[in-house]
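Convention: sequence-line order gives letters A, B, ...; per-chain numbering from 1.
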Amino acid sequence: MSNQAELDKLVRSEYSAGFTTSVESDTLPPGLNEGVIRFISEKKGEPDWVLEWRLAAYKKWLEMKTPTWAHIHHPPIDFNEVSYYSAPRSMADKPQSLDEVDPELLRTYEKLGIPLHEQEMLAGVAVDAVFDSVSVATTFRSKLKESGVIFCPLSEAVHEYPELIKKYLGSVVPQGDNYYAALNSAVFSDGSFVYIPKGVRCPMELSTYFRINEAKTGQFERTLIIADEGSHVSYLEGCTAPQRDENQLHAAVVELIALPGATIKYSTVQNWYPGDAEGRGGIYNFVTKRGVCHDNAKISWTQVETGSAITWKYPSVILRGDNSIGEFYSVALTRNRQQADTGTKMIHLGKNTKSTIISKGISAGRSENAYRGLVRISPRAENARNFTQCDSLLIGDQCGAHTFPYIESRNPSATLEHEATTSKVSDDQLFLCRQRGIDPEKAVSMIVNGFCKEVFKELPMEFAVEAGKLLEVSLEGSVG
Amino acid sequence: MLEVKDLHASVAGKDILKGLSLHIKPGEVHAIMGPNGSGKSTLSNVLAGRDGYEITSGEALFNGVSVADMLPEERARAGIFLAFQYPVEIPGVSNMEFLKSSMEAIYTARGQEPLDAVTLLRKAREVCKLVDLDQQFLKRGVNEGFSGGEKKRNEIMQMLLLEPRLALLDETDSGLDIDALQVVAKGVNSLRSPERSIVLVTHYQRLLDYIVPDFVHVLAGGRIIKSGGKELAHELEDKGYSWLEGHDA
């Protein structure tokens, strides 16, 4: 059998996280209006200022238009067909401990490999588990509190740390930043809030696991991470959703604030349901992620994107302070009919600011994979430096890889480097592997893993292995 | 070991091998020589099962089984090893990782327990030494940034580790300087044994000074036009291939 035929054979793979949890849910009927926003706000018992903030965002959103500049194609989204709030009924009484949480929910996370009972958990990783519109559980909270670290659902933080929320919510991604950010600001449900006090090195990895379960429901979480002066935190998010024939919307906002001398490492393993081989179903993933670095601070984004029918996201860093550092390491794998338009923005404002962009795009099947990145050097950013490397790997001959780099330099002292390559998993490489006895499936995943090595080494160790495996599973359906 | 009978094969629709027959017994070393375009490399690629190399008639039996019925990886697991003329790079996949996967696949197919990591590493270091490759090469990407000579020695290193039953060396000597040639020859010679057969595909007689074959075959126009002992190679060196071209009917 030819290599091509072997690759073709790999086409149909199962999406392992595609199961549905049957729990009774309180789900809002589809539709978006002020009443829906008031309902969400009331459900969460929010103070008036949050409601006002939401409504202001909604007004902005109504005046905005869907962005069309990305290299993606989809039928217009009817925002009135989406339900904006869904929560398992059992969560209505606000369980006080894991023992009170519906075992069906706990089993869901167990099946996904995220046990929430602390004794069973990965040692050293605290998890906030978000199910549709609510946080189900947040582990290790008391242990974290000992070092002053706050890790809780955003809906709780609004009540308990209003001064921090007031100061920072929307400070990096303003309500009207873009169409999907405005939508999120109006209807955001749950998400994680993290605060690391001055000089503290967070004693464990923090992570949030997002799960969309209910049909016809969108997930609009919002994450806010504040690393106070000289502190250090590593945070990871994971995402999955059941296999459904209709498209589901996910529009999240993540804001990171790295105060002087702080370091935030933010890693994402995104495995939303990608749709089937014909392009039916799958998550529409429109996400705004941005961080701001003050003097001597550092923000590092690492993402492994294997899921979603459409991925539209550009984790960015505003290098406001002098000597600050921004990094973006990305692996984006698309197959079947998936479309990804992803990349980053590095906005150099401070002096001696440095940014690094390493992007690895892997396209298979009939998918389209685009890197879009902006490097902007402002006039006062003396001695700014950027290094960008974009590599694309093609599997088969019906997929597309695109690179859209934008460079705007307004300071002559800047040093900018850009490297880009496109390659194919060649028949020669496959034949070499097979001639050494290696299965074609294993060979492709080995070649792809090798291609991604520079990015995987940036992931926290436990997850680097996970990501490698995820890529393997995803590749089982690589060429059609 | 290998029985090739009246083999016809085409590459991209073009007939290259036109009735090639060859019989190789265990323990024998055969050299296949011939001018450019005679079909030397086609033969090794057909035997190893490269995509696009198609047997149109005749057969090639490896230990009694037709290779046409086996996938490339099955042939490798049965003990056919091809040392490539142009070894490709696999960036980011370390040599060690590659060897481990290969070894696991082959040992498992043989019904043997694959070597544990420590033993494998020790063995790999030994064979590196034998072909004069620094141990650092085990950590580097497969052929990534290797010089031509290093790539060839890397092939021999893999061969020594995998201990095939039939080793096909496709112009392993091309592009090697005399020192590297001796190193490669030392590696190949160390593999000679009564159970193992070796086929050297080469353009030049030079390699055969260091790896002395039991038989020499001259390939021209897709067929073997003359066979003989090791002295045939010397004769060819003196008289050139044109000397034999009259033989090709």
Hey, could you give me each pair passing ring pair (Phe, Tyr, Trp, His ring centres under 6.0 Å) that has a residue in residues 67-93 of chain B? Not counting sequence neighbours. F431(A)-F84(B)
Considering only heavy atoms and a distance below 4.5 Å, find which of [options] pairs most often with chain A.
options                          : value
I90(B), L82(B), I106(B)          : L82(B)
M103(B), R50(B), E104(B)         : R50(B)
A78(B), P91(B), A48(B), S102(B)  : S102(B)
G141(B), A109(B), G49(B), G52(B) : G49(B)

Exactly one of Q303(A), E237(A), E305(A) should register a side chain to side chain donor-acceptor pair (under 3.5 Å) with T268(A). Which one does? E237(A)
Do F137(B) and F146(B) have their ring centres less than 6.0 Å from each other?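 Centroid distance F137(B)-F146(B): below 6.0 Å, so yes.
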Under 4.5 Å from any heavy atom of chain A - which part of [X]:
X       : value
E89(B)  : backbone
R75(B)  : neither
L162(B) : side chain
L99(B)  : neither

Hey, is D397(A) close enough to K424(A) for a salt bridge, meaning N to O under 4.0 Å?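 No, D397(A) and K424(A) are not salt-bridged.
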Report the residue from Y266(A), Y314(A), F328(A) that forms a ring-ring contact (aromatic ring centres under 6.0 Å, His included) with W301(A). Y266(A)
Closest heavy-atom contact between P87(B) and Q85(B)?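 Shortest heavy-atom contact: CD-O, 3.5 Å.
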